[in-house]
Amino acid sequence: MDNSLKKIDKLQELLEASKLLNSTQDTDYILNFLLKKSLDLIKGGDTGVIFLYNKATGLLEIRAFIGFDDNIVEVNLYPGESMTGIAFLKQKPIFFSNSKEINEAMGTMREKNKSILENSLNKKPNELLGSICCPLIYREECIGVIVIDNFENNGVLTQEDVSLLEAISVQATIAIINAQNYEKQLKNNDELEKYNKMLELERNKYRYSTGLHSKFTEMVLNGLSVEDILSEITSLLSRDAFIIDLFYNVYNYSFSYYTNLDNVKEIIRDLIKYLRENEKSSYYNNDKDIYFYFSPIMVNMDTLGWLCIVSDNDEYSELDKITIERGVTILALELLKINELSHMEQALKGDFLESLIMNQNKDYIVKCSKNYRFSFKRNHKIIIIEVERDEGVISQEKYEKELKKYIKYYYNIINEKINRSFSNSITMIKGNKIVVILELNNDYSRKKIKDFLDNIVTENNISFFSRYGKKKVRAGVSDEISRLDDFKTSYYNAIQALRMTDEIEGENLYLFYDDLEIKKFLLKNDKRDLEYFIIKTLGPLLDYQKNSRNEYLDTIRIYIRSNGNWTYTKDYLHIHGNTLSYRLKRIMNLLNVDLNDYDQRLRLQIAFEILDILPSTDKMNN
């Protein structure tokens, strides 16, 4: 077959190849097919590489290769570097046909690229006999270079091969550009689809959010409570939910999945370490293997409490987050409404209290008493709780504002606790004081009031006000009120008991007016005499160095104050009868007293009365 027929056959193959090239839309496939077809048509070609120019890096990067191992892709050429870079800059086919031209061009190659080339080719670059570097030109811009190399003597590259490769490059460039444009179109379509999905997702989130807001709003308008809102949040999230107030008490809750109230109370001190006033936070409890997510409930930058979500994982979907955000918003509005109603109620209660104290306008008193279910047929006591002011603060105005806010929250907790133990009682705020009018039920006892005060005065002094700044909370309890005309006198009796607490040291800063006569009598004595009496009476027990010292002190204190009631003492201390008998016998030996002797029991009782007002004596010997 003569040369003209061979040329026609090659052109025919090229035409068929161009149809295939333009039929595919995959750039990598086009490049590999192009390179293989070029080596098939150019018999003198042994290896081939196609470089494409990366505008971002300014380098020619290998996208297809034959005759090299995979490491060849690490070769990146600058325009003007080696034979390929020279052809790229000149934007015309270059035929390197002798060793001088080849060595001169390859001499511009960086050492790093030379090393990669030598390790990627089973032949040495200096054995290169010829090379055709044909640029891929599109609209007068070079987008890459196709390179065909010859290493064998039995096949040489010719000028005719240059023309053929140039013809291939024209078709190949069009196919590459089409493929790249198609890939861009596919990418744009993907981006558009992603955008549409994002848009639809946002629409769904918006529809869900507005629907949820409408649902919560309707619940509030229909008079449903905070507990109902929490129950709905729990149902939507399939997680437990509860509220922690500013006193770190569980205010409301809805437990159906992962925990219960008792479990939460067990770890409440761990939980409060992770509460933040102005930001969300989380906590994992390893012992119970559950996660807690906290979101502050805020109005005008004031934190009203925290919504707490409990789950077995810490993964929340977008809809979950929307549910929590909407839940926090509606809870904030509901708590704000409760607070506003509380302010109105406080004003009315204040008027009622003033009327009771002044004993004026009895018709108004009777009318209000019906509204508050207040019965004058029952006896009452007045408790006055005072939050100690700190006069040494720099900004008094800011301090007063903060103090007022915390007293309000303190009132909410006191009101809740008092109503659990003393139904139909009235609680109100009066300045920095909280006044409680207790209705004495049939199950009333002095111990019941003491338990309440131990919780309110001591517990919250430690937990809540330590967070705000070390604050003392004091309380005074009036005598028993049996007539309307006695309220004024009993109110000031409670004030007097409250004032007497200034002379008491320690944590249990409350007094009963009924105890004032004894306390006043004792306080009139010299402090050193009182301390001497304690040491003389209780010294051996106070000096007792063993671990059971405090147990013995609690035991004898309860036994004496219960008037020697053995059963009451045993039950109160939650100990076995034999244990109580052993302790009492041991105490009598230590103190050298006979608990059956009235005078000796009286001395012990007086000693404990002194300890109430001079607890430092107990600590001094501890």
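For this chain, numbers begin at 1 and follow the sequence in order. Predicted model, so just to flag it, every value in this text is computed and none were measured.
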With R239, which of N313, T234, T259 fulfils side-chain hydrogen bond (donor to acceptor under 3.5 Å, both in side chains)?
N313

Heavy-atom count check: over 12 atoms from other residues, nucleotides or ligands less than 6.0 Å from E315 CD?
no

Flag yes if more than 12 heavy atoms outside N189 fall under 6.0 Å of its CG atom; otherwise flag no.
yes

Summary of salt bridge (Lys or Arg N to Asp or Glu O under 4.0 Å) pairs that have at least one residue in residues 282-297, sequence neighbours excluded:
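The answer is E266-K288.
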
Basic-acidic side-chain contact under 4.0 Å: D451, K448
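Here D451 does not pair with K448 in a salt bridge, since their nearest N and O are not under 4.0 Å apart.
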
Salt bridge flag under 4.0 Å for residues K187 and D190:
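No salt bridge links K187 with D190.
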
Partner residues of [X] under the salt bridge (Lys or Arg N to Asp or Glu O under 4.0 Å) criterion, sequence neighbours left out:
X    : result
K215 : E232
R583 : E551
E325 : none
K265 : none

[X]: what forms a ring pair (Phe, Tyr, Trp, His ring centres under 6.0 Å) with it, not counting sequence neighbours?
X    : result
F242 : F255
Y293 : Y316
Y284 : Y291
F452 : none

Under the side-chain hydrogen bond (donor to acceptor under 3.5 Å, both in side chains) test, which residues partner [X], sequence neighbours left out?
X    : answer
Y283 : N285
D228 : S225
D479 : S490, N493

Please check this pair: side chain of [X] against backbone of [Y], looking for a donor-acceptor N/O pair closer than 3.5 Å.
X    : Y    : result
D240 : Y258 : yes
D320 : S317 : yes
S478 : A494 : no

